[in-house]
Amino acid sequence: MSYREESYFKPREYKQTLTQGVDLSKYSIEDLKALWRKTLDEGIHGICFSMYEDGQRPGDTITVEQVERRVKILKPYTKWIRSFSCVEGNEHVARLSKKHGLKTLVGAWLGDDKDDNEQEIEGLIQLAKEGCVDVAAVGNEVLYRNDLSLEELVGYIRRVKEALSGMNIPVGYVDAYYEFSRHPILVESTDVVLANLYPYWEGCPIEYALGHMQAMFGQVVDAAQGKPIIITETGWPSRGGGLRGAIAGEEAAMKYFIDAINWTKENKIPIFYFSSFDESWKVGPEGEVGAYWGLWDKNEKLKY
């Protein structure tokens, strides 16, 4: 199935079917694990690629062999892989995903260093020319981090769109769901709306998390002006504490995965689950919880 058949260029009317999801009080932990594994085994639309083993972090150059090993682990479970950068070995993710028959959402990481941004943008354009990009993401949460002005960001987006003109590759920008309501030019400047939805980071208790995610998505629909939408990140951590009413834990992580995957399948909404593997380096930026977002642990073993 091509990205054109998946409606990434076509206007779409979203009619959500709202569901309550799994009732934890009615499942034993073993039954929940079995349902989690069944949900994963039946396949998911997409998954965010985790690059780094213990002792590695952004800035390290990652080998082809390491990337290919991880792509092979994910391949049986997903149709798409999302990457976040086009340098320091991240370019291997797109190439090896295509080698193994997977679709790619390829991101150029943009920050406040203009020289680094040039490398990322040129890397994204090069991967597109090689036929390794099915959807292009120009930046990830740049406005959320306040790394660039809106005008600078839109300039990069338009530059990539021009470079990819005629290649039938949808171009978008990834950010928190509410940024598209705040800045309509983000929708106007892109082909597809790429939205991150995290009930956890808004302190939502797991009992209400699916409903909260549905409401977040509804806000994106209102902002999208009929353009197609991809959920580019959502997930729940399996360890590490909590944020107000949102508590990290194995049962909550399993419930959220099951609910998010089943609801998006039912409504035919493309989703990239965050994330594939636990990454220890994230303890610093996000607190202890940052290291535990994977479906696989840091040793590349399925958690449940």
Item to complete: Determine whether Phe272 and Glu233 make a side-chain contact, defined as any pair of heavy atoms from C-beta on separated by less than 4.5 Å.
Response: no
Item to complete: Tell me, with the steps shown, if Arg69 and Glu53 meet salt bridge (charged side-chain N to carboxylate O under 4.0 Å, His left out).
Response: CA-CA 12 Å; Arg69 184 183 72 244; Glu53 298 177 353; 2.4 Å; yes
Worksheet, complete the sentence: Between the CZ atom in Arg145 and the CG atom in Asp112, the distance rounded to the nearest 0.5 Å is 8.5 Å
Discussion item. Let me confirm one number: the CG-OG1 distance from Leu127 to Thr104, rounded to the nearest 0.5 Å.
Written reply: 8.5 Å
Item to complete: Please report the closest heavy-atom contact between Ala260 and Thr234, naming both atoms and the distance.
Response: CB-CG2, 4.5 Å
Discussion item. Arg159 vs Glu122, test: salt bridge (charged side-chain N to carboxylate O under 4.0 Å, His left out). Steps then yes/no.
Written reply: CA-CA 10 Å; Arg159 177 175 160 190; Glu122 290 303 320; 2.8 Å; yes
Discussion item. Any heavy-atom pair between the side chains of Asp134 and Val106 that's under 4.5 Å?
Written reply: no
Worksheet item: What class does the angle between the rings of Phe277 and Trp296 fall in, given that below 30° is parallel, 30 to 60° is tilted and above 60° is perpendicular?
Response: tilted
Would you tabulate the side-chain donor-acceptor contacts of residues 26-33 under 3.5 Å, counting partners in other chains and residues two or more places apart, or write 'none'?
| from | atom 1 | to | atom 2 | distance (Å) |
| --- | --- | --- | --- | --- |
| Ser28 | OG | Asp31 | N | 3.0 |
| Ser28 | OG | Asp31 | OD2 | 3.2 |

Fill in: From CA spacing to verdict: side chain to side chain contact (heavy atoms under 4.5 Å, CB included), Leu143, His183
CA-CA 10 Å; Leu143 298 180; His183 307 293; 3.7 Å; yes
Worksheet item: Does CD in Glu162 sit with more than 12 non-hydrogen atoms of other residues, nucleotides or ligands closer than 6.0 Å?
Response: no
Discussion item. Run the side chain to side chain contact (heavy atoms under 4.5 Å, CB included) test on Leu40 and Leu302 for me, step by step, so that the C-alpha distance in whole Å, both residues' side-chain angles and the decisive distance to 0.1 Å come before the verdict.
Written reply: CA-CA 10 Å; Leu40 181 61; Leu302 277 172; 3.5 Å; yes
Discussion item. With heavy-atom distances below 4.5 Å as the criterion, would you say the side chains of Lys38 and Trp36 are in contact?
Written reply: no
Worksheet entry | Derivation and outcome, side-chain hydrogen bond (donor to acceptor under 3.5 Å, both in side chains), residues Ser280 and Asp54 | CA-CA 6 Å; Ser280 299; Asp54 263 4; 2.4 Å; yes
Item to complete: Taking side-chain hydrogen bond (donor to acceptor under 3.5 Å, both in side chains) as the test, write out the residues that go with Glu130, two or more places apart.
Response: Arg95, Gln126
Practice prompt. May I have all residue pairs that pass side chain to side chain donor-acceptor pair (under 3.5 Å) and include part of residues 236-253, sequence neighbours excluded?
Written response: Ser238-Lys303
Item to complete: Identify, with sequence neighbours excluded, every residue that meets ring pair (Phe, Tyr, Trp, His ring centres under 6.0 Å) alongside Phe180.
Response: none
Practice prompt. Report yes if some heavy atom in the side chain of Ile271 is under 4.5 Å from a heavy atom in the side chain of Ile230; otherwise report no.
Written response: no
Worksheet item: Which atom names give the shortest non-hydrogen contact between Tyr52 and Asp60, and what distance separates them?
Response: CE2-O, 4.3 Å
Worksheet item: Of all heavy-atom pairs between Asn262 and Thr39, which one has the smallest distance, and what is that distance?
Response: OD1-CG2, 4.1 Å
Worksheet item: What are the two closest non-hydrogen atoms of Cys86 and Gly123, and how far apart are they?
Response: CB-C, 3.9 Å
Fill in: Contact check, side chains of Val138 and Ile121, non-hydrogen atoms, under 4.5 Å
yes
Fill in: Modelled atom types, side-chain donor and acceptor of Gln56 and Glu279, under 3.5 Å
no
Discussion item. For a quick check under 3.5 Å, do Glu68 and His100 share a side-chain donor-acceptor pair by atom type?
Written reply: yes
Practice prompt. Give a yes-or-no answer on whether the side chains of Thr232 and Asn196 include a donor-acceptor pair shorter than 3.5 Å.
Written response: yes
Worksheet item: Less than 4.5 Å apart, any side-chain heavy atom of Val135 and any of Val171?
Response: no
Fill in: From Ser189 atom OG to Ile157 atom CD1, the distance as rounded to the nearest 0.5 Å
6.0 Å
Discussion item. Nearest 0.5 angstrom please: Ser276 OG to Ile73 CD1, how far?
Written reply: 9.0 Å
Fill in: Partner set under side-chain hydrogen bond (donor to acceptor under 3.5 Å, both in side chains) for Lys72, not counting sequence neighbours
none
Discussion item. Over 60° means perpendicular and under 30° means parallel, so tell me whether Tyr273 and Phe257 are parallel, tilted or perpendicular.
Written reply: perpendicular
Response to the item:
Rounded to the nearest 0.5 Å, the OG atom of Ser275 sits from the CH2 atom of Trp293 at a distance of 10.0 Å
Practice prompt. Return the minimal non-hydrogen interatomic distance between Val174 and Ala137, and the atom names on each side.
Written response: CG2-CB, 3.9 Å
Without placing hydrogens or testing angles, list every side-chain donor-acceptor pair under 3.5 Å for residues 199-211, not counting sequence neighbours.
| from | atom 1 | to | atom 2 | distance (Å) |
| --- | --- | --- | --- | --- |
| Glu202 | OE1 | Tyr177 | OH | 3.3 |
| Glu202 | OE1 | His212 | NE2 | 2.7 |
| Glu202 | OE2 | Tyr177 | OH | 2.7 |

Item to complete: Identify whether Tyr77 and Leu102 are in the same connected component of the hydrophobic contact network (ILVMFWY, side-chain heavy atoms under 4.5 Å).
Response: yes
Discussion item. Does Tyr144, at its OH atom, have more than 12 non-hydrogen atoms belonging to other residues, nucleotides or ligands within less than 6.0 Å?
Written reply: no
Worksheet, complete the sentence: In this structure, CZ of Arg158 is separated from CD1 of Ile185 (nearest 0.5 Å) by 4.5 Å
Worksheet entry | Pairwise side-chain contact, Asn140 with Tyr173, heavy-atom cut-off 4.5 Å (strictly under) | no
Worksheet, complete the sentence: For Ala224 and Val187, the nearest pair of non-hydrogen atoms, with its separation, is O-CG1, 3.4 Å
Item to complete: Flag the pair Asp191 / Lys161 as yes when at least one side-chain heavy-atom distance between them is below 4.5 Å, and no otherwise.
Response: yes
